[in-house]
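What follows is one structure encoded as structure tokens, with my remarks underneath.
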Amino acid sequence: MKKTVGFVCAMAVAGMMSAPAYCDVIKVGVIGTMSGPYALFGQNFKYGIEAWVAEHGNKVGDHEIEFVYRDEESPNPAKSKALAQELIVKDKVQYLAGFYFTPDAMAAAPLLEESKTPMVVMNAATSAIVEKSPYIVRTSFTMFQNTVPAAKVAKARGAKKVAIAVSDYGPGVDAETAFKKTFEADGGTIAEAIRMPLSTTDFGPIMQRIKDSGADMIFTFLPSGPPTLGFVKAYIDNGLKAAGVALISTGDVVTEPDLPNIGDSGIGILSTYHYSVSHDSAENKAFIADLIKAGDKPGDITMTAVAAYDGARLIYAMVEATGGQRDPDKAIAAVKGMAWVSPRGPVSIDPETRHITQNVYLREVAKQDGKFFNKELQTFASQPDWGLRK
Amino acid sequence: MTGQHTSVEPRLGPPAAVRQLAVPVIVIGLLGAAGYLVFPEDLAFLTRLISITLLVLSLDLVVGYCGVATLGHAAIFGVAAYAVGNACIAGLADPLLLLAVGGLSGLVMGLVSGAIVTRFHGLPQLVLSIAIGQLVGALSNKLSSLTGGSDGLSGITPGRIFGVFGFDMFSRTGYLFSLAVLIVVFIVLTRLVASPFGLLCRGIRDNNLRARMIGAAVYPRLIAMYGVSGVVAGIGGALMAINTGVVGLDSVGFERSAEALVMLVLGGAGSLWGALFGAIVFQLFEHVVSAANPYHWLTLVGLLLVAIVLFAPQGLGPAVASRWRRLRRAGARP
């Protein structure tokens with residue numbers, strides 16, 4: 001028995017010592033939703049990264065960058081942690097990236113300091129994630145970041161009483177809090193705040209409650225998918241649109257792949273978001289062309305592609321700053337305050353929060369040449385994460 | 001099944017107790033050591049595998065040994081995980097104490113849900129178990145101050161085991177700790193299912209009416225077994241919380257319950273070894289396939305299930321056992 005213990009210990013020590021000192025291929029582990037109902041967003045991680053690699057090559061100096069993909073098909077922190085650990089210990093990745101769901105990102109955070117691995121969050125949108133480790137940078141958005149401008153728009157458009165209807169889970173509650181705080185601080189009133197169970201399919205009763213509350217505007221957040229369609233349909237069928245009650249939401253409700261399903265009835269819906277596929281800039285046009293070359297379908301492009309594209313930019317910058325060595329402090333220091341023009345507009349990494357500061361756009365669903373798109377009406381420049389800036 | 005077992009029992013003679021102890025220690029110990037040596041870099045996965053295996057064992061106690069149909073067993077697992085997470089965040093750092101917290105909260109949850117579920121039979125029972133699972137799931141989402149809601153409960157950092165072995169990113173401590181817990185639980189359960197209490201539970205499963213006729217108090221027995229099962233699920237949940245550091249809504253979800261039942265059926269319900277092998281085979285297969293092809297692995301898992309239902313409808317455990325018996329019989333012949 002004693003011998004086996006000794007043997008096991010020896011193996012453990014040998015295992016620790018055999019970590020490679022220097023390696024010319026730098027691996028990046030990407031954990032994303034590659035299968036299941038959210039596969040579209042994980043695939044967009046891949047397309048975004050491939051678009052970056054197609055533009056800038058797969059080498060930084062002498063170092064070849066290799067992306068390794070793993071699947072987190074649902075929010076499952078234990079699985080996510082196991083995947084992250086496997087990527088770090090077995091595949092020897094120097095960087096972690098991706099993460100669609102908040103709990104999955106949270107589960108990987110405790111590994112970063114011990115393994116000296118920087119992590120680039122490409123979607124998970126709860127503010128607190130970046131506080132879980134000094135080695136986390138985020139290139140996506142937060143609910144607060146996108147919702148605060150929505151409340152400003154509501155005020156500017158003369159809304160006095162707003163009804164809030166959000167899905168009853170983390171991001172929904174965040175959206176409700178952000179909107180309520182901002183709108184009430186500006187002197188508005190919240191007529192009604194409704195939390196709808198995620199599985200709600202009949203929104204008729206909710207529309208009735210909103211009608212009864214006498215609200216002149218509705219703010220909503222639902223995760224994209226079939227429910228958003230039902231919500232918008234109920235909003236129109238119950239005569240709220242005809243009665244002049246405006247609808248404003250975050251862009252999650254009107255993502256581009258969903259617009260054809262919502263159809264003509266969606267025209268005129270307002271939303272605030274950090275990226276529209278139709279954003280008019282040279283960078284975005286080139287980006288979309290690259291995505292399509294990488295294999296993305298024009299109708300399937302989502303915000304996760306641009307987050308991944310910018311995330312890959314950060315990883316390349318970190319590799320360059322560290323000369324390919326595992327030095328997370330140097331790597332993170334290099335991207336703090338980094339500013340560039342992304343396909344979504346000018347962005348920078350807030351040196352304090354390590355979250356991306358970006359423009360948030362007010363958009364309106366419009367139709368041109370038979371195609372639906374989000375038409376940008378107004379720009380809120382350089383929005384930080386309002387959830388962390390208290 | 002019952003008759004077969006009782007006929008085996010006396011033949012084992014006095015060393016039976018020793019064998020009951022030694023076989024699980026040797027087999028699981030060897031499997032565990034093999035896992036440690038062959039996959040030293042996959043220990044986080046193997047650690048998670050052990051937590052889920054405990055859930056499957058726990059499910060086997062009620063489904064396999066008592067014939068209770070349930071699709072809400074993850075509720076017990078998840079509540080225990082949340083309890084452990086909260087205890088740890090509140091300052092209780094000792095992993096052994098946290099394990100006890102998991103076991104206790106599992107016991108309470110097991111007794112409560114057992115008292116409700118075993119009142120009924122057949123479909124109503126199944127529906128009720130689903131309802132309990134959904135109720136716990138909805139509450140976990142609502143009570144976000146206790147559970148973190150859909151963000152998950154994070155910040156669980158357990159201390160060192162015996163004040164010496166810390167949890168690190170290689171999961172060495174976590175793995176060996178979980179393995180030791182699995183072996184102990186397995187030995188206890190092996191004794192339990194062979195005890196008069198365990199045999200009576202099987203009797204109730206095989207013929208409820210006859211069990212009543214010979215004077216057995218059916219309902220209390222079922223609740224008791226549900227309580228034991230709750231402890232085992234609770235320990236599984238505790239290990240999950242301790243090793244992952246985050247507890248998400250998935251740990252109380254319907255999918256977790258359903259997946260555990262699939263593993264149990266795969267391995268063969270009504271046998272602890274079947275539950276053990278079902279859990280190991282299913283998760284290993286899933287792990288390998290999803291790493292090899294992150295896009296279409298679910299299809300391959302589906303194919304595996306279809307193949308097993310077609311070729312080994314009793315589950316892997318009984319299929320292997322009968323093959324083994326046939327081989328031995330063939331070998332024993334001159």
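No hydrogens, no waters, no symmetry mates; every other heavy atom, side chains included, goes into these values. Note on naming: letters A, B, ... go to the chains in the order of the sequence lines (proteins, then strands), and numbering restarts at 1 for each one.
Counted by atom type alone, B:D151 and A:T126 present one or more donor-acceptor pairs between their side chains at under 3.5 Å. No donor-acceptor contact under 3.5 angstrom links the side chains of B:E255 and A:S74, judged on distance only.
Interface remark: B:S171 contributes backbone and side-chain atoms alike to the contact with chain A (heavy atom separation under 4.5 Å). Proximity to chain A is absent for every atom of B:H296, based on heavy atoms less than 4.5 angstrom apart. Neither the backbone nor the side chain of A:P110 comes within contact range of chain B; no heavy atoms are under 4.5 Å apart. For A:K79, the parts lying near chain B are the backbone and the side chain together; criterion is any non-hydrogen pair under 4.5 Å. Heavy atoms of A:A78 lying under 4.5 Å from chain B belong to its backbone as well as its side chain.
Contact between B:A44 and A:Q85 at its shortest, heavy atoms only, is CB-OE1, 3.0 Å. Across all their heavy atoms, B:E41 and A:V89 have their closest contact at OE2-O, 3.7 Å. Minimum heavy-atom separation, A:S35 to B:L298: OG-CD1, 3.9 Å. Heavy atoms only, all atoms of each residue included: A:D71 and B:W297 are closest at OD2-NE1, 2.6 Å. Taking each heavy atom of B:V247 and A:P77 in turn, the nearest pair found is C-CG, 4.3 Å. Nearest approach of A:P171 to B:S150, heavy atoms of both residues: CD-OG, 3.7 Å.
More than 12 heavy atoms of other residues, nucleotides or ligands lie within 6.0 Å of CZ in B:F285, so this atom counts as buried by the packing criterion. Few gaps surround CZ on B:F167; more than 12 heavy atoms of other groups in view lie less than 6.0 Å from it.
A:K81 is not listed as a side-chain neighbour of B:N243, based on a closest heavy-atom distance of 4.5 Å or more.
To the nearest 0.5 angstrom, A:L83 atom CG is 6.5 Å from B:S290 atom OG. Distance CG/B:L43 to CD/A:E86: 11.0 Å, rounded to 0.5 Å.
Contact tally against chain B (heavy-atom pairs below 4.5 Å) for A:N76, A:T102, A:L111: the top residue is A:N76. Chain B forms more heavy-atom pairs under 4.5 Å with one residue of A:G32, A:A84, A:A128, A:A107 than with any other, namely A:A107. The candidate from A:P75, A:A39, A:P103, A:G36 with the greatest count of non-hydrogen atom pairs under 4.5 Å with chain B is A:P103. Among the candidates A:K132, A:E114, A:Q43, the residue making the largest number of heavy-atom pairs closer than 4.5 Å to chain B is A:E114. Counting heavy-atom pairs closer than 4.5 Å to chain A, the top-ranked of the candidates B:T47, B:N141, B:T157 is B:N141.
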